[in-house]
Colleague: 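Mind looking over this structure? Questions follow.
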Number of protein chains: 2
Amino acid sequence: MEKHNLSMQKLRRMMHEVYRVFKKSIEEQQHEGIKISPEQFGLLHAISTKDEEVIQKDMAEMMGKNKSAILRLIDSLEEKELVRRVADVKDRRKNYLMVTKVGYKVLDQYMRVVHELMEEMQQGLTQNDIDTFHKVVNHIKCKAEKL
Amino acid sequence: MEKHNLSMQKLRRMMHEVYRVFKKSIEEQQHEGIKISPEQFGLLHAISTKDEEVIQKDMAEMMGKNKSAILRLIDSLEEKELVRRVADVKDRRKNYLMVTKVGYKVLDQYMRVVHELMEEMQQGLTQNDIDTFHKVVNHIKCKAEKL
DNA sequence: AAATATTAGTTGCTAACATCAACTAATTGT
DNA sequence: ACAATTAGTTGATGTTAGCAACTAATATTT
């Protein structure tokens, strides 16, 4: 009982710390340049990894976020010129999301920082540990989605 | 590289789903009564589990949050009469945080829901899985705290 | 073809959370 | 007694989330 709840809190704490360190590293490694928040980064990255073209609705589903939330995020990314909306010629309701050149550049920088940090923070953990971690995360997510 | 980043995003997604389900269950099981947010719940619970009396600063440290953030949370909990600040007689700067009777009642209700949900979502996972999960979370948190 | 239903995105509003700097009052240290 | 430190507060700013209502575009039904 108490154990389970603590895990969510610990999880939250862990993520908070990771983001804090991440932010600090970004500041240190880039005194200038475009700064984006974790959520913005998450969306930018998600868009960039999709092979086929995606629309806002797709991203909302994929990230499990409310469509307004996605819209706001896209607004903010578009404002920074990291992403562009391109209306579908056949269905004018749909906006395809495209990562700009600058977008890819920022993404690359951020990914490098993420990579370094994760390498560092994972030291001392086995691959099995990490795989189990992902398994648990995925398992709980899927269970939760069904409720 | 991409794998590590995805885990943070997946983690975030998982937590989002868990909170969604949690909220839904609360709504279903309590058509009335005091509603509190995950953060409020987290703080309320944290306060309740400490044997010795704690002050705001303690909670900020313990939860890894900014003191203003804690203050605001306490404000909101105090407003709902779930928590009370009690000034230390010897050091008037310090406020001890006490969970009220109502506070314990709400906490109990919420804990019950949490317990049920976690039981349900953990089905199919072994104790070893869960332990490893906690181990990884704790490991990363500690590593991050040192950076 | 026209009417209705559905879809994708937008808007306005509200709530919650986080952080920083500056500040105040209280206590401790010199 | 004064300076430094501490605990909490305030104001401002930024970010994210969610809901309902709305608009324009498309699909389906009549």
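Per chain, numbering begins at 1; letters A, B, ... match sequence-line order. These numbers come from a predicted model, not from an experiment.
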Colleague: To the nearest Å, how far apart are B:D88 CG and D:dT6 C1'?
Modeller: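 Distance check: B:D88 CG to D:dT6 C1' gives 13 Å.
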
Colleague: Classify the side chain of A:S37 and the base of D:dT16 as holding, or not holding, a donor-acceptor pair under 3.5 Å.
Modeller: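 Such a pair does not exist between side chain and base.
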
Colleague: Rounding to an integer number of Å, can you tell me how far A:D75 CG sits from D:dT16 P?
Modeller: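 For the pair A:D75 CG and D:dT16 P, the rounded distance is 12 Å.
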
Colleague: On DNA chain C, compare the nucleotides closest to A:D58 and B:E39; which residue's is nearer the 5' end?
Modeller: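 Result of the comparison: A:D58.
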
Colleague: Please list every donor-acceptor pair under 3.5 Å in which a side-chain atom of residues 138-147 of chain B meets a protein atom from a residue at least two apart or in another chain.
Modeller:
residue	atom	partner	partner atom	Å
B:H139	NE2	A:M121	O	3.3
B:H139	NE2	A:Q123	O	2.7
B:E145	OE2	A:R13	NH2	2.6

Colleague: Roughly, in whole Å, what's the span from CZ in B:R72 to P in D:dT13?
Modeller: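 Interatomic distance, CZ of B:R72 to P of D:dT13: 13 Å.
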
Colleague: Rounded to the nearest angstrom, tell me the gap between atom CG in B:L71 and atom P in D:dT6.
Modeller: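 Distance, rounded to whole Å: 19 Å.
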
Colleague: With nearest nucleotide decided by heavy atoms, which residue, B:K94 or A:G64, maps closer to the 5′ end of DNA chain D?
Modeller: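 Comparing both residues, the 5'-ward one is B:K94.
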
Colleague: First and last nucleotide of DNA chain C touching chain B, 5' to 3', heavy-atom cut-off 4.0 Å?
Modeller: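 Footprint of chain B along DNA chain C, 5' to 3': C:dA16 to C:dT27.
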
Colleague: D:dT9, D:dA20, D:dT5: which one has an atom nearest the side-chain heavy atoms of A:S68?
Modeller: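 In terms of side-chain proximity for A:S68, the closest of D:dT9, D:dA20, D:dT5 is D:dA20.
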
Colleague: Could you pull out the closest heavy-atom pair between B:M14 and A:V137, with the gap in Å?
Modeller: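 Between these two residues, the closest heavy atoms are CG-O, 3.4 Å.
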
Colleague: Which is more 5' along DNA chain D, the nucleotide nearest B:I55 or the one nearest A:P38? Just name the residue.
Modeller: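 Per heavy-atom nearest nucleotide, the more 5' residue is B:I55.
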
Colleague: Parallel, tilted or perpendicular: which one describes the rings of B:F41 and B:Y110, with boundaries at 30° and 60°?
Modeller: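 Aromatic pair B:F41/B:Y110 classed tilted.
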
Colleague: Measure NZ/B:K57 against P/D:dT9 and give the value in whole Å, please.
Modeller: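 After rounding, the reported distance stands at 15 Å.
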
Colleague: Just call it for B:R20: base, sugar-phosphate, or nothing, with non-hydrogen atoms closer than 4.0 Å on any strand.
Modeller: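 Result for B:R20 = nothing.
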
Colleague: DNA chain C: B:D91 or B:K65, which has the more 5' nearest nucleotide?
Modeller: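 It is B:K65, whose closest nucleotide lies nearer the 5' terminus.
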
Colleague: Run the salt-bridge test on A:E27 and A:K24 with the 4.0 Å N-O cut-off and return the result as yes or no.
Modeller: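 Salt bridge between A:E27 and A:K24, a charged N being under 4.0 Å from a carboxylate O: no.
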
Colleague: Tell me the interatomic distance from A:M15, atom CE, to D:dT16, atom P, rounded to whole angstroms.
Modeller: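 These atoms are roughly 13 Å apart.
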
Colleague: Looking for any heavy atom pair under 4.0 Å, which part of the strands does A:A69 touch: base, sugar-phosphate only, or nothing?
Modeller: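 It contacts sugar-phosphate atoms only.
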
Colleague: Is the shortest distance from a Lys or Arg side-chain nitrogen in A:D131 or A:K135 to a carboxylate oxygen in the other one below 4.0 Å?
Modeller: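 Salt bridge flag = no for A:K135 with A:D131.
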
Colleague: Check this for me: does any side-chain nitrogen of one of B:R85 and B:D75 sit under 4.0 Å from a carboxylate oxygen of the other?
Modeller: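 Between B:D75 and B:R85 there is a salt bridge, with a charged N closer than 4.0 Å to a carboxylate O.
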
Colleague: Does B:K23 reach a base, just sugar-phosphate, or nothing at all? Heavy atoms under 4.0 Å.
Modeller: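 Here B:K23 touches no strand at all.
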
Colleague: Check this for me, if you would: do A:K90 and A:D88 make a salt bridge, where the nitrogen-to-carboxylate-oxygen distance has to be below 4.0 angstrom?
Modeller: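 Looking at A:K90 and A:D88, the cut-off is not met.
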
Colleague: Take the protein atom NZ of B:K67 and the nucleotide atom C1' of D:dG11, then report the distance between them rounded to whole Å.
Modeller: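 Interatomic distance, NZ of B:K67 to C1' of D:dG11: 14 Å.
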
Colleague: How close or far is atom P of D:dT15 from atom NZ of A:K35, stated in whole angstroms?
Modeller: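 Value for this atom pair: 13 Å.
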
